**Q** 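Have a look at the structure that comes next, please.
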Amino acid sequence: MVTLMIVPLGLAVFIGLHRVSYSTFKNPVFVGLSNYLEVLSDPAFWDAVLWNILIILVVVPAHIILAFIAALILDQVTGPIRGFYLAAMLLPMIVVPVIGTVVFRQLFDPSGLIAWFFRVVLGERILFTETFMKALILIHSTWISTPFALVIFFAGLQMLPRDLIESASIDGANRIQQIRHIVIPQLRSLFLLNAILAVMDLLRLFDNVFVLTRMNPIFHSDTMQTYLYRIATTVKRLGKANAGAVLTVIIIMVVLIPFLIYMYREQIEER
Amino acid sequence: MQPIKNPLGRVFIHLSIWVFVLYNSVPFVWTFLQSLKTKKQANSRTPLFWFEPTFEQYSELWLEKVPENFSVLVYTLIAILITLFLFSVIGKKLSISSVAIRLIILGTIVLMLLSIPLFVKTAEFYDYFVNTMIVAIGTVIISIGIASLSGYALSRYLGIAGVILIILALAFRSLPRMAFGLPYFWMGQISGLYDSNFLVIIALAAVNQPFAIYMLRSFFKDIPREIEEAAMVDGASRFEAFIKVIVPIMWPGIITTSLFTLVLVYHEFLLVRILTLKNWTLAVAMQQYLGGISDSGSLPLKSAAAVSAALPLLVVILFYQKHLIKGITAGSVKG
């Protein structure tokens, strides 16, 4: 693990210090920190960072709420039909994300279902403007990250101690009160876990933005990853892209430090 | 939670669950329908739900040209599948060990898929499919091999360094693909391995390693120490105890982790995209059917590609759904 992971990271820092393009792989020119400074002073980079953080702020609460409600409802269903429901709900997670995105996007094409719905009900055509594309990215990210959280919540609900809820209902607590005062506190660690995993995944969001926007710059919806991809392929500056990659690693680490400290404490206790 | 008894409540629950089911599955069903249409039908402005299905998109995708004895081949394929199914049913009755049955079935299917080009002239899409199989199996073998050893060590070693390594493994899971993809890209260009399956396998194993280690460790933790201590008292070395005692008990855990690695490899897009020129896996091959910036490509062909690229994994998952769900919950709910 150490050689496979740390060596490339070190190499990324090293390449970031050089000017490398596609024709000069073998003799990079040392340019010091200028690549890093260039990325830091690039407004497009900061736009990407802000947009990425906005995605996290919207999608994480949205998908957790959706998944929790779905898990509560699914928990009410019994019998073999439950397996079918669960399998149908897990589809977005099992199908390759790129394909999931293609499939999702098709609904909004002129011949797609939702576009048709818009035309019939609202009498409007769907225009792919910047705002619409950003909304689409938010909706799609929520859609694709819900199933995983759903499975975790569902498993958590199965493991809830029965007697706790029974005694509460004998004491006259209604359903909302039971959920509010017993279920949510019991599942607190699962809420946190879902949040951590979603933040981790959204920080490296790439696939769905790539497919939805087809890397078209008019949408201004680059995340950190697509920004780096653009620099590495269309502008063809590997050194700058590597410097950017190192900077995103630093940003991600800063965001994750509170979570990691929490995990660390938990692991130490468990030991 | 106790089930709601009120009949009105039951109706409400089933209605709302259907909302969620539709929300999650409509795009896929729609794409499947689209893939069976002709170009003209697919582009129609009012969606068609009832039409004569056609398989021409699939044959365009997979085959260079349709051979004359095509129907014979399809019937042979179906016959082989039915025989396999019967074998699995009879095998259970005859009490052949279930591992052997699974291995035989898996081996036959792999051989069958690999022998397809001997009979039919296949198109590019089949090459991507074979590439995906090679990359997926290679990555699973390498990363499980390394991860089971280190996951075992981490579950037994209780020092503070072990905790730090686990936290690091989790942190690495969240690192951006670009930070690994670009250095590997550079190494590949220097060493001439760019666009080879080997480089992709190494890079994917590196990226998926931390997750596999984390998951296997949570399985290993459940095995009581006494078992391997007993083996070591009987004169086995630590490694022998691991191979002969721990691994057999751990099969379910190892299968679950392999399944997860397989899913992650199959899903990987960015890393493979950077490291290859033409040796794509299925996920990456999808992009050439997307169409350009303004036009949206051939709709039914795109849908057929999406369905065919998604199906192999779906079939595998169908057989191992229990393992998948167990794996998701193992690392999380148990702690």
Side-chain angles (χ1 to χ4, degrees), chain A residues 1 4-5 8-9 11-12 15 25-26 70 73-78 85 88-89 91-92 94-99 102-104 106-107 109 111 113 116 151-152 155-156 159 165 169 193 200 203-204 206-207 211 214 216 225 228 232 238 241-242 245 248-249 252 256 260 263-264 267-268 271, chain B residues 1-4 13 16-17 20-21 24-25 27-28 30-31 34 42-47 150 158 163 166-167 170-180 182-184 186 189-190 206 209-210 213 266-267 269-270 283 286 290 293 296 299 302 306 309-310 313-314 317 325 328-329 332-333:
Chain A
M1 178 176 113
L4 288 177
M5 303 285 282
L9 267 189
L11 199 60
I15 300 174
F25 280 119
K26 285 184 182 147
I73 298 174
L74 193 64
D75 193 39
Q76 291 287 336
V77 182
T78 44
Y85 284 151
M89 286 189 186
L91 269 180
I94 297 168
V95 173
V96 187
V98 175
I99 296 171
V102 170
V103 158
F104 197 80
Q106 281 206 0
L107 294 178
D109 278 338
S111 58
L113 266 186
W116 171 73
V151 175
I152 291 184
M159 292 185 178
I165 289 169
S169 68
L193 181 89
M200 282 177 172
L203 277 171
R204 52 185 171 80
F206 176 85
D207 298 3
V211 177
R214 290 177 191 144
N216 192 337
Q225 295 298 292
L228 296 179
L238 273 184
N242 266 297
T248 53
V249 169
I252 288 174
L256 282 181
L260 292 180
M263 288 287 299
Y264 180 73
Q267 291 283 342
I268 294 278
R271 196 160 56 93
Chain B
M1 297 282 290
Q2 293 150 321
I4 295 174
I13 281 184
S16 47
I17 211 154
F20 275 107
V21 167
N24 281 321
S25 61
F28 300 105
W30 174 244
T31 304
Q34 286 282 53
N43 277 315
S44 122
R45 283 294 181 265
T46 28
S150 41
L158 295 175
V163 176
I166 278 297
I167 299 290
L170 212 71
F172 275 154
R173 180 184 180 272
S174 64
L175 288 189
R177 293 285 191 264
M178 282 311 256
F180 299 108
L182 291 176
Y184 273 113
W186 191 73
Q189 292 284 3
I190 296 272
Q209 196 85 108
I213 292 178
Y266 206 101
H267 282 188
F269 177 73
L270 176 53
M286 267 312 290
L290 289 183
I293 281 169
S296 51
L299 277 177
K302 185 164 75 173
L313 188 65
L314 276 184
I317 296 289
I325 290 176
I328 294 176
T329 49
S332 54
V333 180

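Just so it is clear, the values below take in all heavy atoms, side chains as well, and ignore hydrogens, waters and symmetry mates. These numbers were taken from a predicted model, which means no experiment stands behind them. To find a chain, count down the sequence lines: A is the first, B the second, and so on, and within it residues start at 1.
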**Q** Please determine whether side-chain contact (heavy atoms from CB on, under 4.5 Å) holds for the pair A/V96 and B/Y266, giving the CA-CA distance in whole Å, both sets of side-chain angles, and the decisive distance to 0.1 Å.
**A** CA-CA 7 Å; A/V96 187; B/Y266 206 101; 3.4 Å; yes
**Q** How would you list, by chain and number, every residue that makes a ring-ring contact (aromatic ring centres under 6.0 Å, His included) with A/F206, sequence neighbours excluded?
**A** A/F210, A/Y229
**Q** Restricting to non-hydrogen atoms, name the atom on B/A309 and the atom on A/I99 that form the minimum distance, rounded to 0.1 Å.
**A** CB-CD1, 3.4 Å
**Q** Please state whether the side chain, the backbone, both or neither of A/L91 comes within less than 4.5 Å of a heavy atom of chain B.
**A** both
**Q** Given the options A/L74, A/I252, A/V77, A/L113, which has more heavy-atom pairs under 4.5 Å with chain B than any of the others?
**A** A/L113
**Q** Return the set of residues passing side chain to side chain contact (heavy atoms under 4.5 Å, CB included) with A/P97 (not counting sequence neighbours), or none when no residue passes.
**A** A/I144, A/D207, B/H267
**Q** Counting only non-hydrogen atoms closer than 4.5 Å, does B/I317 touch chain A with its backbone (N, CA, C, O), its side chain (CB onward), both, or neither?
**A** side chain
**Q** Side chain, backbone, both or neither: which part of A/L256 has a non-hydrogen atom closer than 4.5 Å to chain B?
**A** side chain
